[in-house]
Enquirer: 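Let me give you the structure first, and then I'll get to my questions.
If you read the sequence from its start, that first residue is 1, and numbering goes on from there.
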Amino acid sequence: MSVSNRQISKLFSLGASLLELHDDNQFKSKAYDNAAFTVRQFEQPLTLMNETELEALPGIGKNLSKKIIQIGDTGSYEELDRLLELTPPGLIELINIKGLGGKKTKALWQALGIESPEDLLKACEDNRLIDVKGFGKKTQDNIIELIHFYFENKDSYLYAEAEAEWYEILEHL
């Protein structure tokens, strides 16, 4: 089964967030964010193209084309795998909660030792987030809502994503 442009985009977004989380080069993080946006815009599947064709596309250079080829072959790329090894699994869940990202997750992880959505909800209930720089009562209340929404929809799929997967499965069969 081939990897869709949307899946490639999600991997680049995750890479950008993990780079922020681990204090890596901020310009590199921004480049991955831009790559995620660019990849999502292409209609033709990028994994079906060779490296030369990818490099010729606007916004895709030598570095990204190699990563896209790797993603097509393995489902990931080396740098992302390295970052995932350094990251506690609960932090990846936190990054994926809408409204949180690499920067906020990093601040919570460093200041309060929060490593999972459950830890974050407990910290909010104990009113500990207001002590962290950049977080206030309003932000804490918003985060509580985001976490509840996350837990309610954790094992659900967006129709558009499920439909795309369904068509790929049908084509494969």
Side-chain angles (χ1 to χ4, degrees), residues 1-110 114-117 120 134 146 149-150 153-173:
M1 209 176 283
S2 69
V3 180
S4 71
N5 292 357
R6 174 174 261 187
Q7 291 166 318
I8 294 170
S9 174
K10 285 183 176 183
L11 291 174
F12 283 149
S13 289
L14 177 60
S17 294
L18 291 176
L19 286 169
E20 284 181 343
L21 184 71
H22 292 290
D23 271 337
D24 212 313
N25 185 336
Q26 69 182 24
F27 297 108
K28 195 175 194 180
S29 172
K30 192 68 171 159
Y32 280 119
D33 262 338
N34 291 337
F37 178 78
T38 301
V39 165
R40 220 177 345 206
Q41 305 308 309
F42 291 110
E43 296 204 11
Q44 62 205 65
L46 297 179
T47 54
L48 300 178
M49 302 171 95
N50 65 37
E51 198 169 333
T52 308
E53 292 170 325
L54 287 167
E55 286 177 22
L57 295 172
I60 306 288
K62 193 172 256 187
N63 190 21
L64 287 178
S65 65
K66 288 181 182 184
K67 286 179 176 30
I68 292 169
I69 298 291
Q70 262 189 333
I71 291 168
D73 292 342
T74 66
S76 187
Y77 58 96
E78 287 178 26
E79 186 174 22
L80 179 63
D81 294 339
R82 179 184 62 80
L83 291 167
L84 287 169
E85 283 180 22
L86 297 172
T87 310
L91 289 180
I92 295 167
E93 277 188 86
L94 286 175
I95 288 170
N96 289 325
I97 295 175
K98 189 174 178 77
L100 293 178
K103 287 180 184 177
K104 285 185 179 178
T105 300
K106 176 184 163 197
L108 295 169
W109 183 31
Q110 289 180 339
I114 292 172
E115 292 190 359
S116 71
L120 181 56
L146 292 170
F149 181 81
Y150 172 76
N153 297 289
K154 188 175 181 180
D155 296 320
S156 301
Y157 295 93
L158 293 174
Y159 178 80
E161 289 178 2
E163 184 179 37
E165 297 291 326
W166 183 77
Y167 284 122
E168 285 185 30
I169 292 169
L170 265 180
E171 284 178 22
H172 183 70
L173 293 174

Enquirer: So Leu100 and Leu120, side chain to side chain contact (heavy atoms under 4.5 Å, CB included) or not? Walk me through it.
Expert: CA-CA 11 Å; Leu100 293 178; Leu120 181 56; 3.6 Å; yes
Enquirer: Measure the CD-CG distance between Glu85 and Leu18 for me, rounded to the nearest 0.5 Å.
Expert: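 Rounded to the nearest 0.5 Å, the CD-CG separation comes to 12.0 Å.
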Enquirer: Under the criterion side chain to side chain contact (heavy atoms under 4.5 Å, CB included), I'd like the reasoning laid out for Lys98 against Asn153: C-alpha separation, chi angles, the key distance, then a yes or no.
Expert: CA-CA 12 Å; Lys98 189 174 178 77; Asn153 297 289; over 6 Å; no
Enquirer: Tell me, do Glu51 and Glu55 make a side-chain contact under 4.5 Å, heavy atoms counted?
Expert: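 In contact.
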Enquirer: Distance check, rounded to the nearest 0.5 Å: Ser4 atom OG versus Lys10 atom NZ?
Expert: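 These two atoms lie 8.0 Å from each other.
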Enquirer: Any donor and acceptor pair, going by atom type alone, linking the side chain of Ser65 with main-chain N or O of Lys62 inside 3.5 Å?
Expert: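 Such a contact is found between Ser65 side chain and Lys62 backbone.
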Enquirer: On a heavy-atom basis, which atom in Leu64 and which in Ala35 lie closest, and how many Å separate them?
Expert: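 Taking Leu64 first and Ala35 second, the nearest heavy atoms are CD1-CB, 3.6 Å.
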Enquirer: Only pairs at least two apart or in different chains count here, so list each ring pair (Phe, Tyr, Trp, His ring centres under 6.0 Å) that has a residue in residues 38-84.
Expert: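 Listed once each, the pairs are Phe12-Tyr77, Tyr32-Tyr77.
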Enquirer: For the atom pair CD (Gln70) and CG (Asp73), what is the distance rounded to the nearest 0.5 Å?
Expert: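 The distance works out to 8.0 Å.
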Enquirer: Can you find a heavy atom in the side chain of Ile97 that is under 4.5 Å from one in the side chain of Leu94?
Expert: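 The answer is yes, as the side chains (C-beta and beyond) meet within the 4.5 Å cut-off.
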Enquirer: Drop me the distance from Lys103's NZ to Asp23's CG, to the nearest 0.5 angstrom.
Expert: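 Here the interatomic distance stands at 11.0 Å.
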Enquirer: Do any N or O atoms from the side chain of Ser13 and from the backbone of Ala36 form a donor-acceptor pair under 3.5 angstrom?
Expert: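 No, Ser13 side chain to Ala36 backbone: no donor-acceptor pair under 3.5 Å.
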Enquirer: Using only atom types and a distance under 3.5 Å, with no angle test, would you say the side chain of Ser29 pairs donor to acceptor with the backbone of Ala16?
Expert: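 The answer is yes, because a donor-acceptor pair under 3.5 Å joins these two groups.
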Enquirer: Taking it one step at a time, do Leu19 and Glu79 satisfy side chain to side chain contact (heavy atoms under 4.5 Å, CB included)?
Expert: CA-CA 10 Å; Leu19 286 169; Glu79 186 174 22; 3.9 Å; yes
Enquirer: So does Glu53 have more than 12 non-hydrogen atoms from other groups sitting under 6.0 Å from CD?
Expert: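 Enclosed: over 12 neighbouring heavy atoms sit under 6.0 Å from CD of Glu53.
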Enquirer: Quick check: do Leu57 and Leu46 have side-chain heavy atoms less than 4.5 Å from each other?
Expert: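 Touching, per the 4.5 Å side-chain cut-off.
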Enquirer: Taking only residues two or more places apart in sequence or in another chain, which ones pass salt bridge (charged side-chain N to carboxylate O under 4.0 Å, His left out) with Glu93?
Expert: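 Counting only residues at least two positions away or on another chain, Glu93 forms a salt bridge (charged side-chain N to carboxylate O under 4.0 Å, His left out) with Lys154.
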Enquirer: Tell me the closest heavy-atom pair linking Leu11 and Gly75, and the distance in Å.
Expert: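 Of all heavy-atom pairs spanning Leu11 and Gly75, the closest is CD1-O, 3.4 Å.
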Enquirer: Write down the atom of Pro88, the atom of Glu115, and the distance for their closest heavy-atom approach.
Expert: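 Closest approach of Pro88 to Glu115: CB-OE1, 3.9 Å.
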Enquirer: Output the distance between atom OG (Ser17) and atom NZ (Lys104), rounded to the nearest 0.5 Å.
Expert: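 The OG atom of Ser17 sits 12.5 Å away from the NZ atom of Lys104.
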Enquirer: Will you find, in the side chains of Lys67 and Asn63, an N or O donor that is under 3.5 Å from an N or O acceptor?
Expert: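 Their side chains do contain a donor-acceptor pair, which is all the 3.5 Å distance test asks for.
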Enquirer: Take Leu83 and Leu21 through the side chain to side chain contact (heavy atoms under 4.5 Å, CB included) test and state the conclusion after the steps.
Expert: CA-CA 9 Å; Leu83 291 167; Leu21 184 71; over 6 Å; no
Enquirer: Nearest 0.5 Å, please: how far is CG in Leu54 from CD1 in Ile69?
Expert: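 Between atom CD1 of Ile69 and atom CG of Leu54 there are 5.0 Å.
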Enquirer: So which heavy atom on Ile68 is nearest to which on Thr47, and how close?
Expert: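 Where Ile68 meets Thr47 most closely, the heavy atoms are O-CG2, 4.4 Å.
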Enquirer: Is the shortest heavy-atom distance from the side chain of Lys106 to the side chain of Glu20 under 4.5 Å?
Expert: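 SC-SC contact between Lys106 and Glu20 ruled out.
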